[in-house]
Amino acid sequence: MPRQTRTPNDPALYDDLAGEWWRPRGVFAVLHWLAAARGALVPAGRPGAVLVDLGCGAGLLAPHVDGYVHVGVDLSRESLALAAGHGVLAVRGDVAAVPLPDACADVVVAGEILEHVPDLAAVVAEACRLLKPGGLLVVDTLAATALCRFLAIGVAERIPRIATRGVHDPALLVDRRELVRECAEHGVELTLRGVMPHLGDAARWLARRRESVRMVPVGTTAVLFQAWGVKGARPGAGPGG
(Lines give C-alpha, C1' and ligand atoms only; values in the text may rest on other atoms or scores of the structure.)
Protein backbone atom coordinates (compact mmCIF):
# COMPACT_ATOMS: atom_id res chain seq x y z
CA MET A 1 0.00 0.00 0.00
CA PRO A 2 1.49 3.40 -0.94
CA ARG A 3 2.49 5.74 1.82
CA GLN A 4 -0.19 8.37 2.29
CA THR A 5 1.01 11.93 1.71
CA ARG A 6 -2.32 13.63 1.08
CA THR A 7 -4.16 15.99 3.38
CA PRO A 8 -6.65 14.33 5.75
CA ASN A 9 -9.98 13.24 4.26
CA ASP A 10 -8.82 13.33 0.61
CA PRO A 11 -11.53 11.52 -1.42
CA ALA A 12 -8.90 10.25 -3.88
CA LEU A 13 -7.76 7.85 -1.16
CA TYR A 14 -10.71 5.57 -1.98
CA ASP A 15 -9.75 5.27 -5.64
CA ASP A 16 -6.15 4.47 -4.68
CA LEU A 17 -7.29 1.77 -2.26
CA ALA A 18 -10.14 0.37 -4.36
CA GLY A 19 -8.58 -3.09 -4.34
CA GLU A 20 -8.91 -3.21 -0.55
CA TRP A 21 -12.68 -2.71 -0.33
CA TRP A 22 -13.82 -6.34 -0.41
CA ARG A 23 -10.87 -7.85 1.45
CA PRO A 24 -12.26 -8.89 4.87
CA ARG A 25 -8.83 -8.28 6.39
CA GLY A 26 -7.92 -5.30 4.25
CA VAL A 27 -7.65 -1.69 5.33
CA PHE A 28 -11.44 -1.30 5.21
CA ALA A 29 -12.15 -4.29 7.47
CA VAL A 30 -13.90 -2.18 10.11
CA LEU A 31 -16.27 -0.86 7.44
CA HIS A 32 -17.43 -4.45 6.86
CA TRP A 33 -18.30 -4.75 10.55
CA LEU A 34 -20.13 -1.45 10.50
CA ALA A 35 -22.04 -2.35 7.34
CA ALA A 36 -23.41 -5.46 9.06
CA ALA A 37 -24.49 -3.40 12.09
CA ARG A 38 -26.07 -0.80 9.83
CA GLY A 39 -27.94 -3.43 7.87
CA ALA A 40 -29.41 -4.78 11.10
CA LEU A 41 -31.28 -1.47 11.48
CA VAL A 42 -32.91 -1.78 8.05
CA PRO A 43 -36.13 -3.84 7.92
CA ALA A 44 -36.67 -6.28 5.07
CA GLY A 45 -37.92 -4.54 1.97
CA ARG A 46 -40.82 -5.31 -0.31
CA PRO A 47 -41.17 -5.40 -4.12
CA GLY A 48 -40.37 -1.98 -5.51
CA ALA A 49 -38.94 -0.56 -2.28
CA VAL A 50 -35.93 1.73 -2.77
CA LEU A 51 -32.93 2.13 -0.48
CA VAL A 52 -30.55 5.02 -1.19
CA ASP A 53 -27.07 4.43 0.19
CA LEU A 54 -25.22 7.75 0.54
CA GLY A 55 -21.45 7.38 0.36
CA CYS A 56 -21.93 3.75 -0.61
CA GLY A 57 -18.28 3.06 -1.35
CA ALA A 58 -17.92 -0.37 -2.92
CA GLY A 59 -21.37 -1.47 -1.75
CA LEU A 60 -20.46 -3.17 1.52
CA LEU A 61 -24.04 -2.79 2.75
CA ALA A 62 -25.43 -4.89 -0.11
CA PRO A 63 -25.09 -8.33 1.56
CA HIS A 64 -26.91 -7.06 4.65
CA VAL A 65 -30.14 -5.68 3.13
CA ASP A 66 -32.87 -7.57 1.29
CA GLY A 67 -35.88 -6.64 -0.79
CA TYR A 68 -34.76 -3.23 -2.06
CA VAL A 69 -33.65 -1.58 -5.23
CA HIS A 70 -30.29 -0.60 -3.74
CA VAL A 71 -29.14 2.76 -5.14
CA GLY A 72 -25.61 3.78 -4.20
CA VAL A 73 -24.34 7.35 -4.42
CA ASP A 74 -20.64 8.10 -4.30
CA LEU A 75 -17.96 10.26 -5.91
CA SER A 76 -15.41 7.47 -6.40
CA ARG A 77 -15.65 5.90 -9.86
CA GLU A 78 -13.55 2.92 -8.79
CA SER A 79 -15.71 2.26 -5.74
CA LEU A 80 -18.95 2.59 -7.71
CA ALA A 81 -17.73 0.07 -10.27
CA LEU A 82 -17.18 -2.42 -7.45
CA ALA A 83 -20.58 -1.60 -5.92
CA ALA A 84 -22.28 -2.27 -9.26
CA GLY A 85 -20.71 -5.71 -9.27
CA HIS A 86 -22.52 -6.44 -6.01
CA GLY A 87 -25.96 -5.52 -7.26
CA VAL A 88 -25.96 -1.82 -6.40
CA LEU A 89 -27.43 0.65 -8.89
CA ALA A 90 -24.48 3.05 -8.98
CA VAL A 91 -25.01 6.82 -9.21
CA ARG A 92 -22.01 9.12 -9.28
CA GLY A 93 -22.78 12.25 -7.33
CA ASP A 94 -22.10 14.48 -4.35
CA VAL A 95 -24.05 13.53 -1.23
CA ALA A 96 -24.71 17.25 -0.69
CA ALA A 97 -26.45 17.47 -4.11
CA VAL A 98 -27.81 14.02 -4.93
CA PRO A 99 -29.04 13.61 -8.54
CA LEU A 100 -32.23 11.80 -7.50
CA PRO A 101 -35.84 13.04 -7.18
CA ASP A 102 -37.63 14.08 -4.00
CA ALA A 103 -39.32 11.38 -1.91
CA CYS A 104 -37.88 8.55 -3.98
CA ALA A 105 -36.61 6.37 -1.11
CA ASP A 106 -38.20 4.12 1.48
CA VAL A 107 -34.87 4.02 3.32
CA VAL A 108 -31.89 6.38 3.20
CA VAL A 109 -28.65 5.19 4.73
CA ALA A 110 -25.67 7.44 5.48
CA GLY A 111 -23.01 5.11 6.81
CA GLU A 112 -19.60 6.46 7.80
CA ILE A 113 -20.00 9.45 5.48
CA LEU A 114 -21.15 12.37 7.64
CA GLU A 115 -17.72 12.66 9.29
CA HIS A 116 -16.25 13.28 5.84
CA VAL A 117 -18.49 16.11 4.60
CA PRO A 118 -17.77 19.84 5.03
CA ASP A 119 -21.47 20.84 5.09
CA LEU A 120 -23.41 18.58 7.45
CA ALA A 121 -26.62 20.59 7.10
CA ALA A 122 -26.64 20.22 3.31
CA VAL A 123 -26.16 16.46 3.45
CA VAL A 124 -28.84 16.02 6.10
CA ALA A 125 -31.23 18.11 4.01
CA GLU A 126 -30.55 15.91 0.99
CA ALA A 127 -31.00 12.69 2.95
CA CYS A 128 -34.35 13.86 4.30
CA ARG A 129 -35.44 15.23 0.91
CA LEU A 130 -34.97 11.82 -0.63
CA LEU A 131 -37.13 10.09 1.99
CA LYS A 132 -40.79 9.37 1.43
CA PRO A 133 -43.13 10.29 4.30
CA GLY A 134 -42.77 7.41 6.74
CA GLY A 135 -39.36 6.53 5.30
CA LEU A 136 -36.46 5.48 7.51
CA LEU A 137 -33.14 7.30 7.91
CA VAL A 138 -30.20 5.25 9.24
CA VAL A 139 -26.86 6.84 10.12
CA ASP A 140 -23.60 5.83 11.70
CA THR A 141 -20.74 8.24 12.21
CA LEU A 142 -18.09 9.59 14.58
CA ALA A 143 -18.76 12.16 17.28
CA ALA A 144 -17.02 15.52 17.59
CA THR A 145 -15.45 14.88 21.00
CA ALA A 146 -11.92 14.83 22.36
CA LEU A 147 -12.37 11.15 23.22
CA CYS A 148 -13.30 10.32 19.64
CA ARG A 149 -10.41 12.30 18.21
CA PHE A 150 -8.05 10.41 20.49
CA LEU A 151 -9.46 6.91 19.87
CA ALA A 152 -10.66 7.07 16.25
CA ILE A 153 -7.81 9.17 14.87
CA GLY A 154 -4.96 9.29 17.35
CA VAL A 155 -5.07 5.55 18.11
CA ALA A 156 -7.04 3.71 15.42
CA GLU A 157 -5.25 5.31 12.48
CA ARG A 158 -1.98 3.97 13.85
CA ILE A 159 -3.15 0.36 14.09
CA PRO A 160 -2.71 -1.66 10.87
CA ARG A 161 -6.00 -2.87 9.33
CA ILE A 162 -8.13 -0.82 11.73
CA ALA A 163 -8.11 2.63 10.06
CA THR A 164 -6.10 4.13 7.22
CA ARG A 165 -3.81 7.00 8.19
CA GLY A 166 -5.32 10.31 7.13
CA VAL A 167 -8.79 9.01 6.36
CA HIS A 168 -10.40 11.43 8.84
CA ASP A 169 -10.18 15.17 9.34
CA PRO A 170 -10.84 15.86 13.03
CA ALA A 171 -12.50 19.16 12.11
CA LEU A 172 -15.31 17.26 10.35
CA LEU A 173 -16.35 14.93 13.16
CA VAL A 174 -20.07 15.22 13.81
CA ASP A 175 -21.64 17.38 16.50
CA ARG A 176 -24.44 15.16 17.81
CA ARG A 177 -26.70 18.03 18.84
CA GLU A 178 -26.32 19.65 15.44
CA LEU A 179 -27.16 16.37 13.71
CA VAL A 180 -30.29 15.86 15.82
CA ARG A 181 -31.36 19.47 15.28
CA GLU A 182 -30.83 19.41 11.51
CA CYS A 183 -32.74 16.15 11.11
CA ALA A 184 -35.61 17.44 13.25
CA GLU A 185 -35.90 20.51 11.05
CA HIS A 186 -36.62 18.16 8.15
CA GLY A 187 -39.14 16.03 10.01
CA VAL A 188 -36.88 13.20 11.22
CA GLU A 189 -36.55 12.79 14.99
CA LEU A 190 -33.44 10.75 15.69
CA THR A 191 -32.71 8.11 18.29
CA LEU A 192 -28.99 7.68 19.03
CA ARG A 193 -26.98 4.86 20.55
CA GLY A 194 -23.27 4.29 20.92
CA VAL A 195 -21.60 1.21 19.44
CA MET A 196 -18.16 -0.37 19.53
CA PRO A 197 -16.48 -3.56 18.35
CA HIS A 198 -17.02 -6.60 20.58
CA LEU A 199 -13.63 -6.86 22.30
CA GLY A 200 -13.56 -10.66 22.38
CA ASP A 201 -14.42 -10.83 18.69
CA ALA A 202 -11.76 -8.24 17.91
CA ALA A 203 -9.09 -10.19 19.78
CA ARG A 204 -10.03 -13.40 17.94
CA TRP A 205 -10.11 -11.53 14.63
CA LEU A 206 -6.62 -10.17 15.21
CA ALA A 207 -5.48 -13.71 16.04
CA ARG A 208 -7.11 -14.90 12.76
CA ARG A 209 -9.53 -17.11 14.67
CA ARG A 210 -12.59 -15.14 13.55
CA GLU A 211 -13.58 -13.67 10.18
CA SER A 212 -15.67 -10.73 11.39
CA VAL A 213 -16.37 -8.64 14.47
CA ARG A 214 -19.77 -7.79 15.90
CA MET A 215 -20.58 -4.19 16.79
CA VAL A 216 -22.27 -3.98 20.19
CA PRO A 217 -24.16 -1.18 21.99
CA VAL A 218 -22.34 0.91 24.60
CA GLY A 219 -23.61 3.47 27.08
CA THR A 220 -22.03 6.50 25.41
CA THR A 221 -22.40 8.12 21.99
CA ALA A 222 -19.13 10.05 22.48
CA VAL A 223 -17.13 8.02 19.95
CA LEU A 224 -18.94 5.92 17.36
CA PHE A 225 -22.72 6.04 17.21
CA GLN A 226 -25.72 4.93 15.22
CA ALA A 227 -28.84 7.04 14.69
CA TRP A 228 -32.20 6.35 13.13
CA GLY A 229 -35.52 8.05 12.66
CA VAL A 230 -38.71 7.85 10.61
CA LYS A 231 -39.80 10.87 8.60
CA GLY A 232 -42.86 12.29 10.25
CA ALA A 233 -42.89 9.77 13.12
CA ARG A 234 -42.85 10.41 16.85
CA PRO A 235 -39.44 10.64 18.58
CA GLY A 236 -37.99 7.27 19.56
CA ALA A 237 -39.72 5.25 16.85
CA GLY A 238 -37.74 2.11 16.13
CA PRO A 239 -36.07 1.22 12.84
CA GLY A 240 -39.08 -0.81 11.81
CA GLY A 241 -41.40 2.20 12.16
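Keep in mind the model is a prediction, meaning the values are calculated, not measured.
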[Y] and [X], any side-chain heavy atoms less than 4.5 Å apart:
X      : Y      : answer
Cys183 : Leu137 : yes
Val124 : Leu179 : yes
Thr141 : Ile113 : no
Leu192 : Gln226 : no
Val88  : Val71  : no
Ser212 : Asp201 : no
Arg25  : Glu211 : yes
Val50  : Tyr68  : no

Seminar exercise, completed: The side chain to side chain contact (heavy atoms under 4.5 Å, CB included) partner of Leu224 among Glu115, Met196, Met215 is Met215

Looking at every heavy atom in both [X] and [Y], which two are closest together, and how far apart are they?
X      : Y      : answer
Ala49  : Gly67  : CB-O, 3.9 Å
Pro197 : Val213 : CB-CG1, 3.8 Å
Ala222 : Ala143 : O-CB, 3.5 Å
Ala35  : Leu60  : CB-O, 3.6 Å
Ala29  : Pro24  : CB-O, 3.2 Å
Ala84  : Ala90  : CB-CB, 4.4 Å

For this session: Identify whether the distance between the nearest side-chain nitrogen and carboxylate oxygen of Arg129 and Glu126 falls below 4.0 Å.
Result: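 Glu126 and Arg129: salt-bridged.
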
For this session: Please determine if Asp106 and Lys132 form a salt bridge, counting it only when a charged side-chain N lies under 4.0 Å from a carboxylate O.
Result: yes

Exercise. Would a distance-only check, ignoring hydrogens and angles, find a side-chain to backbone donor-acceptor pair under 3.5 Å from Glu20 to Val27?
Worked result: yes

For this session: Give a yes or no answer on whether the side chain of Asp140 reaches the backbone of Gly111 with a donor-acceptor pair at less than 3.5 Å.
Result: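 No; zero donor-acceptor contacts below 3.5 Å.
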
Working to the nearest 0.5 Å, report the span between [atom1] of [X] and [atom2] of [Y].
X      : Y      : atom1 : atom2 : result
Arg176 : Arg181 : CZ    : CZ    : 13.0 Å
Leu199 : Trp205 : CG    : CH2   : 14.0 Å
Leu114 : Leu173 : CG    : CG    : 11.5 Å
Leu34  : Glu112 : CG    : CD    : 5.0 Å
Leu51  : Asp66  : CG    : CG    : 11.0 Å
Leu89  : Asp53  : CG    : CG    : 11.5 Å

Problem set entry | Residues, nucleotides or ligands: over 12 heavy atoms within 6.0 Å of Arg77 CZ |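 Count not over threshold, so no.
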
Problem set entry | Side-chain H-bond candidate by donor/acceptor type, Trp21 with Ser79, under 3.5 Å | yes

Exercise. Does any donor atom in the side chain of Arg193 or Thr221 lie under 3.5 Å from an acceptor atom in the other side chain?
Worked result: no

Problem set entry | Parallel, tilted or perpendicular, as decided by the 30° and 60° cut-offs, for the rings of Trp22 and His86 | parallel

Problem set entry | Stepwise side chain to side chain contact (heavy atoms under 4.5 Å, CB included) check, Val95 with Val117 | CA-CA 8 Å; Val95 295; Val117 300; 3.8 Å; yes

Exercise. Any cation-pi pair here, Arg38 with Trp228, using under 6.0 Å and within 45°?
Worked result: no

For this session: Using the side chain to side chain contact (heavy atoms under 4.5 Å, CB included) rule, take Arg92 and Val73 through it: C-alpha gap first, then chi angles, then the decisive distance, then the call.
Result: CA-CA 6 Å; Arg92 189 166 188 264; Val73 180; over 6 Å; no

For this session: State plainly whether one hydrophobic cluster holds both Val223 and Phe150, where clusters connect Ile, Leu, Val, Met, Phe, Trp and Tyr through side-chain heavy atoms under 4.5 angstrom apart.
Result: yes

Exercise. Side-chain heavy atoms under 4.5 angstrom apart, residues restricted to Ile, Leu, Val, Met, Phe, Trp, Tyr: same cluster for Val109 and Leu80?
Worked result: no

For this session: Step by step, work out the side chain to side chain contact (heavy atoms under 4.5 Å, CB included) result for His198 and Arg204.
Result: CA-CA 10 Å; His198 184 283; Arg204 287 186 286 273; 4.2 Å; yes

Problem set entry | side chain to side chain contact (heavy atoms under 4.5 Å, CB included) between Val108 and Val138, worked out | CA-CA 6 Å; Val108 173; Val138 174; over 6 Å; no

